[in-house]
Structure formats: C-alpha cells, structure tokens
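In this text, all values refer to a predicted model and were calculated from it rather than measured experimentally. Each residue takes its place number in the sequence, starting with 1.
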Amino acid sequence: LRPNEGQVSLISIPRDLWVSIPGWENQRINTAYQHGIAMNYPGGGPGLLKDTIQYNLGVRIDHTAMVEFDGFRQIVDTLGGLDVPISCPYTDWHLIDPNYDPNIEGNWSLYTVGPGVVHMDGDLALWYARSRQKSSDFDRGRRQQEVIRAIFDQALQTGTLSRIPELYNNLRSTVLTDLGLGDILQLSVYAPKLTNADIRSYYIRPPYVSAWTTPGGAAVLLPNASALQQMLTE
C-alpha cells in the first residue's frame, strides 16, 4: 500500500516457491510459517514468513492477517455476499453441501461458474478461491485476487467502513492479525479514495519461475532471479 501515491499492489506468491529460509535451509516458502512456530522464532510463524519474503524477494512486510476458512465464509456473508466478475467459465469439484463429510467421494460433484458476474455467498467464494484440482496454483492465485477485489468493492458499497469497530470485535476470533483496531481505523481513511483501477495485480508465475526437481525429488518452483526482480521492482 502506497497511500501517498494512492496505489495498491497485490502479489501472489505460489506455495512451492523454492527459497532460502533464514536460519534454516532452502525449502518451499509454505514451510516457513510452521517452522517459525516450531523453532520459537522471534514473531513466531508470521515473523519467519516476513523475514523469508524480505530476504528472498526484497519486499518488506509490515503487517500480517490470517483468516481461517469459517472466518472467511463469515466475512463474505456479513458483507451480504460478493459479485465476482468471471471472464471465462471455471469448473472444479465442489462439496454438494457444506455440511457433508468431505472425506466421502460421493459428496462431491463437478460445479461450474461463469462467465459473467456471479453472486457468491461465503461457501461459494471460498470454493472459488481455494479450488485447484482442475487448474493450478497459478490460476488459483488469480482467482484469489479476484475475490479480494470483490470483497473490497462490496465493503465500500455497503458502508462497511462505518462498522469497523463492530466488525473488529465480531471477527477478532477468526482473523489472526497484528493490526489493532486503531491501525485499521487509520488505514481505512484511504479506502474511499481507491478504486479497482488503483489496484495492480502481480503473480509470481512463469516466466518469473521455472519448474525444478530438487535432489530429494521434490517438484518446486525455482525463481528466475533477474526477471522476478524486475517485476518486484515495478
């Protein structure tokens, strides 16, 4: 977030990105969080993840927020659902009913959304943001950013900013963040000045990474340093 320039950049980092984790070893980036917890790293899991991103990508992370699945559903439903613009149809396996056992194969069916603007409740938005059986982590990153943009749009349209203190108390148990209520209120003054045109989307995907198999046989994504750095500088 660059408030003086009125600009936001979203960067999706794939979970299999092969990085150097400070104080440990080369590993997938999605191992940093749990390792930080296990090793009592300063700041815990978020602390090691922040340091890993800064060390490998040169991006300083000031704050983190982690939302568990039920909390994500609750946020979307509290907003009254989302209108997500979908440019091409997307099909993937979907749990027939959110209350069904996901471990039973017969409880799943193929489901298609789009093209067009699709109204999603919390359960459908979570499915759209998480699914990757019929696509890839790269495509999932794109869909996640579509959902984040839709949440921002809906929050502005429904007067959510005036309800921040109430929502902060209601959602505090499902969102783990180092942002206090005062921090959020301070940031919220920038929100009405931003539109989706001010939000840039970036994805760490080919040609910024290449598929690689480690000596141990793990399939990971190796950064193409010069191309990736050029994108991150932008």
Side-chain angles (χ1 to χ4, degrees), residues 10-18 27-38 44-46 48-49 64-155 167 170-177 201 203-205 209 211 213 216-221:
L10 302 177
I11 305 175
S12 291
I13 304 174
R15 61 181 185 158
D16 289 335
L17 186 67
W18 191 249
Q27 258 295 352
R28 290 184 174 94
I29 197 166
N30 71 339
T31 64
Y33 189 93
Q34 288 296 336
H35 186 72
I37 294 173
L48 184 54
L49 184 56
T64 58
M66 182 169 68
V67 188
E68 50 99 24
F69 297 150
D70 287 338
F72 178 85
R73 292 189 188 97
Q74 184 182 348
I75 289 169
V76 173
D77 289 338
T78 298
L79 291 172
L82 306 175
D83 290 325
V84 182
I86 299 175
S87 57
C88 56
Y90 179 71
T91 301
D92 214 323
W93 292 100
H94 181 263
L95 197 60
I96 296 170
D97 186 296
N99 298 311
Y100 286 4
D101 185 348
N103 298 309
I104 298 176
E105 186 176 338
N107 289 342
W108 294 83
S109 67
L110 284 174
Y111 188 81
T112 300
V113 291
V117 177
V118 178
H119 187 76
M120 299 186 182
D121 62 9
D123 184 64
L124 186 59
L126 180 64
W127 168 82
Y128 186 67
R130 283 193 66 211
S131 298
R132 62 178 184 87
Q133 292 298 315
K134 293 282 186 178
S135 60
S136 66
D137 276 346
F138 301 131
D139 184 63
R140 179 165 65 171
R142 176 188 60 80
R143 285 181 276 113
Q144 287 171 344
Q145 289 201 23
E146 288 178 354
V147 171
I148 290 171
R149 286 172 176 268
I151 289 174
F152 180 66
D153 270 352
Q154 186 70 2
L167 293 172
N170 291 347
L171 298 170
R172 192 162 47 180
S173 62
T174 59
V175 181
L176 300 179
T177 181
S201 283
Y203 311 92
I204 297 180
R205 60 187 304 166
V209 292
T213 302
V220 300
L221 297 168

- Measure from the side-chain N and O atoms of Asp16 to the backbone N and O of Leu221, and report whether any donor-acceptor pair falls under 3.5 Å. no

- Short question: side chain of Trp18, backbone of Thr213 - any donor-acceptor pair under 3.5 Å? no

Rounded to the nearest 0.5 Å, what separation is found between the [atom1] atom of [X] and the [atom2] atom of [Y]?
X	Y	atom1	atom2	result
His94	Leu110	NE2	CG	11.5 Å
Ile204	Ile13	CD1	CD1	5.0 Å
Leu49	Gln34	CG	CD	11.0 Å
Asn103	Trp108	CG	CH2	9.0 Å
Leu17	Gln27	CG	CD	12.0 Å
Ser173	Glu68	OG	CD	7.5 Å

For [X], what residues pass the side-chain hydrogen bond (donor to acceptor under 3.5 Å, both in side chains) criterion, not counting sequence neighbours?
X	answer
Arg15	Asp137
Asn30	none
Gln154	none

Please tabulate, for the side chains in residues 74-87, all donor-acceptor contacts under 3.5 angstrom to protein atoms that are two or more places apart in sequence or on a different chain.
from  : atom 1 : to     : atom 2 : distance (Å)
Asp77 : OD1    : Gly122 : N      : 2.7
Thr78 : OG1    : Gln74  : O      : 2.7
Asp83 : OD1    : His119 : ND1    : 2.9

- Message: Under the rule for side-chain contact (heavy atoms from CB on, under 4.5 Å), what residues qualify as partners of Thr112, not counting sequence neighbours?
- Response: Pro89, Thr91

- Task: Give the minimum heavy-atom separation between Ile96 and Gly106, together with the two atoms involved.
- Result: CD1-O, 3.7 Å

- Exercise: do Arg205 and Ser136 side chains pair donor with acceptor under 3.5 Å: no

- Query: Distance only, no hydrogens: is a donor on one side chain within 3.5 Å (strictly under) of an acceptor on the other, for Ser12 and Gln145?
  - Reply: yes

- Got a sec, which residues hit ring-ring contact (aromatic ring centres under 6.0 Å, His included) with Phe138, two or more places apart in sequence or on another chain? none

- side chain to side chain contact (heavy atoms under 4.5 Å, CB included) partner of Arg73, chosen from Leu124, Val67, Leu126, Thr174: Leu126

- Message: Does the structure place the NZ or CZ of Arg130 under 6.0 Å from the centre of the six-membered ring of Phe72, at an angle of no more than 45° from the ring's axis?
- Response: no

- Task: Considering only NZ, NE, NH1 and NH2 on the basic side and carboxylate oxygens on the acidic side, decide whether Asp153 and Arg149 come within less than 4.0 Å.
- Result: no

